[in-house]
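This report refers to the structure that appears directly beneath it.
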Amino acid sequence: MNYAVPTTTADVRAAIATVNTDARDLAGSLSNDQLNWQPSPKSWSVGQCLEHLTVTANLYAVSVDRATAKAKAIPGGASDGTLELSFIGRFAIRSLTTTGKKFTVPKRFAPPSSVGREILREFEEAHQRLAALLDDVEGRPLARMKTSSPVSRLIRLNVADCFAILVVHAHRHLQQAKRVMETTGFPAAGA
């Protein structure tokens, strides 16, 4: 699972497909016990990582929808597909790619204590929705399409920021889920 920060809409499209494939490969055959096993009370399970990513993708999709609706009135030329990230977007990505950096998760993004097997389907649906939103904005000036972050209404992002943050964030938590599965004590298949 090696990932790069996306620099174009084509990179985002490929990253969304990779995220879905990696999640399916990682968690598709896990039992409910494996999906909900936590290395420690303060660590997330594989299922909690997927739930967190699903909630995040859905909340960001609302922000992108909002920006797209407002942008119908924005004049401007077509985009060549390059992601022009704002200062806030670059800062967020730098924070997400800093190894070992931990964050306090806002309550609305926090996963429940356990999840069901349907989380993988919900995860894929959320990321397919992002791919459809990317189709809707393809060729438009994403850097000029502004919205507020679902983290805080005070944080202003552009649509390019949203897509780049989402795929980098997904990569981060899929790596976390993989580490959970590699932890001593992770339940064996069929146990």
Side-chain angles (χ1 to χ4, degrees), residues 1-6 9 11-66 92-93 95-97 99-137 149-151 162-191:
M1 282 192 216
N2 292 327
Y3 302 107
V5 175
T9 54
D11 292 345
V12 171
R13 191 175 313 288
I16 291 170
T18 299
V19 161
N20 272 338
T21 299
D22 287 350
R24 196 175 321 109
D25 290 349
L26 198 65
S29 63
L30 296 183
S31 69
N32 211 40
D33 287 341
Q34 289 172 314
L35 200 59
N36 287 292
W37 183 83
Q38 295 174 255
S40 74
K42 292 191 177 197
S43 298
W44 283 354
S45 67
V46 171
Q48 287 173 309
C49 290
L50 294 175
E51 175 71 22
H52 171 68
L53 290 173
T54 302
V55 167
T56 302
N58 285 329
L59 289 171
Y60 267 88
V62 170
S63 292
V64 171
D65 265 340
R66 191 178 314 124
I93 288 169
S95 296
L96 288 168
T97 56
T99 306
K101 182 168 183 136
K102 294 197 176 211
F103 297 93
T104 301
V105 178
K107 190 173 185 175
R108 70 191 297 200
F109 291 93
S113 59
S114 69
V115 299
R117 296 263 321 125
E118 70 281 353
I119 188 54
L120 191 56
R121 177 186 47 78
E122 293 168 0
F123 176 91
E124 289 179 338
E125 288 172 357
H127 287 82
Q128 288 166 353
R129 180 178 178 199
L130 293 175
L133 285 169
L134 186 60
D135 289 341
D136 289 347
V137 298
S149 166
V151 174
C162 292
F163 282 115
I165 289 168
L166 278 167
V167 296
V168 169
H169 181 251
H171 296 162
R172 177 185 174 99
H173 285 291
L174 288 175
Q175 292 285 5
Q176 177 184 1
K178 184 178 180 195
R179 286 191 305 274
V180 168
M181 293 174 67
E182 294 168 347
T183 302
T184 302
F186 186 76

Open item on the list: Walk me through whether Glu51 and Val55 qualify under side-chain contact (heavy atoms from CB on, under 4.5 Å).
Closed with: CA-CA 6 Å; Glu51 175 71 22; Val55 167; 3.5 Å; yes

Task: Working for side-chain contact (heavy atoms from CB on, under 4.5 Å), residues Val64 and Phe163 - done: CA-CA 9 Å; Val64 171; Phe163 282 115; 4.1 Å; yes

Open item on the list: Set out, in order, the CA-CA distance, both residues' side-chain angles and the distance that settles side-chain contact (heavy atoms from CB on, under 4.5 Å) for Val46 and Met181, then state yes or no.
Closed with: CA-CA 8 Å; Val46 171; Met181 293 174 67; 3.6 Å; yes

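Counting only distance, with no hydrogens or angles, the side chain of Ser45 and the backbone of Leu35 share a donor-acceptor pair below 3.5 Å. Gln48 places a side-chain N or O within donor-acceptor distance of the main-chain N or O of Pro112, the cut-off being under 3.5 Å. Put simply, the side chain of Arg108 gets close to the backbone of Pro150: a donor and an acceptor are under 3.5 Å apart.
Partners of Arg179 by side chain to side chain donor-acceptor pair (under 3.5 Å), not counting sequence neighbours: none found.
To the nearest 0.5 Å, atoms CZ (Phe123) and CG (Leu53) are separated by 5.5 Å. For the atom pair CD of Glu124 and CG of Asn20, the computed distance is 5.0 Å after rounding to the nearest 0.5 Å. In this structure, the separation between CG on Leu130 and OG1 on Thr56 is 10.5 Å, given to the nearest 0.5 Å. Going from atom CG of Leu166 over to atom CG of Leu133 covers 10.0 Å, rounded to the nearest 0.5 Å. Atoms CZ and OG1, from Arg172 and Thr97 in turn, are 8.5 Å apart once rounded to the nearest 0.5 Å. The distance from the CG atom of Leu96 to the CD1 atom of Ile165 is 7.0 Å, given to the nearest 0.5 Å.
A salt bridge links Glu125 and Arg121; the closest N-O separation between the charged side-chain nitrogens and carboxylate oxygens is under 4.0 Å.
In this structure, Ala4 and His171 approach most closely via the heavy-atom pair O-CE1, 4.3 Å. When all heavy atoms are compared, the tightest approach of Ser113 to Asn36 is O-OD1, 4.4 Å. For the residue pair Gln176 and Cys49, the shortest heavy atom distance occurs at CD-SG, 3.6 Å. The shortest non-hydrogen separation linking Thr9 to Leu134 is O-CD2, 3.6 Å. Here the shortest heavy-atom pairing between Arg117 and Leu30 reads NH1-O, 2.7 Å. Val115 and Gly47 make their closest contact through CG2-CA, 3.4 Å (heavy atoms, listed as atom of the first residue, atom of the second, distance).
Counting heavy atoms from C-beta outward, Phe109 and Val151 have side chains that approach closer than 4.5 Å. No side-chain heavy atom of Val180 sits less than 4.5 Å from a side-chain heavy atom of Trp44.
Note on ring orientation: taking the six-membered ring where Trp is involved, the planes of His52 and His169 are perpendicular (angle over 60°, cut-offs 30° and 60°).
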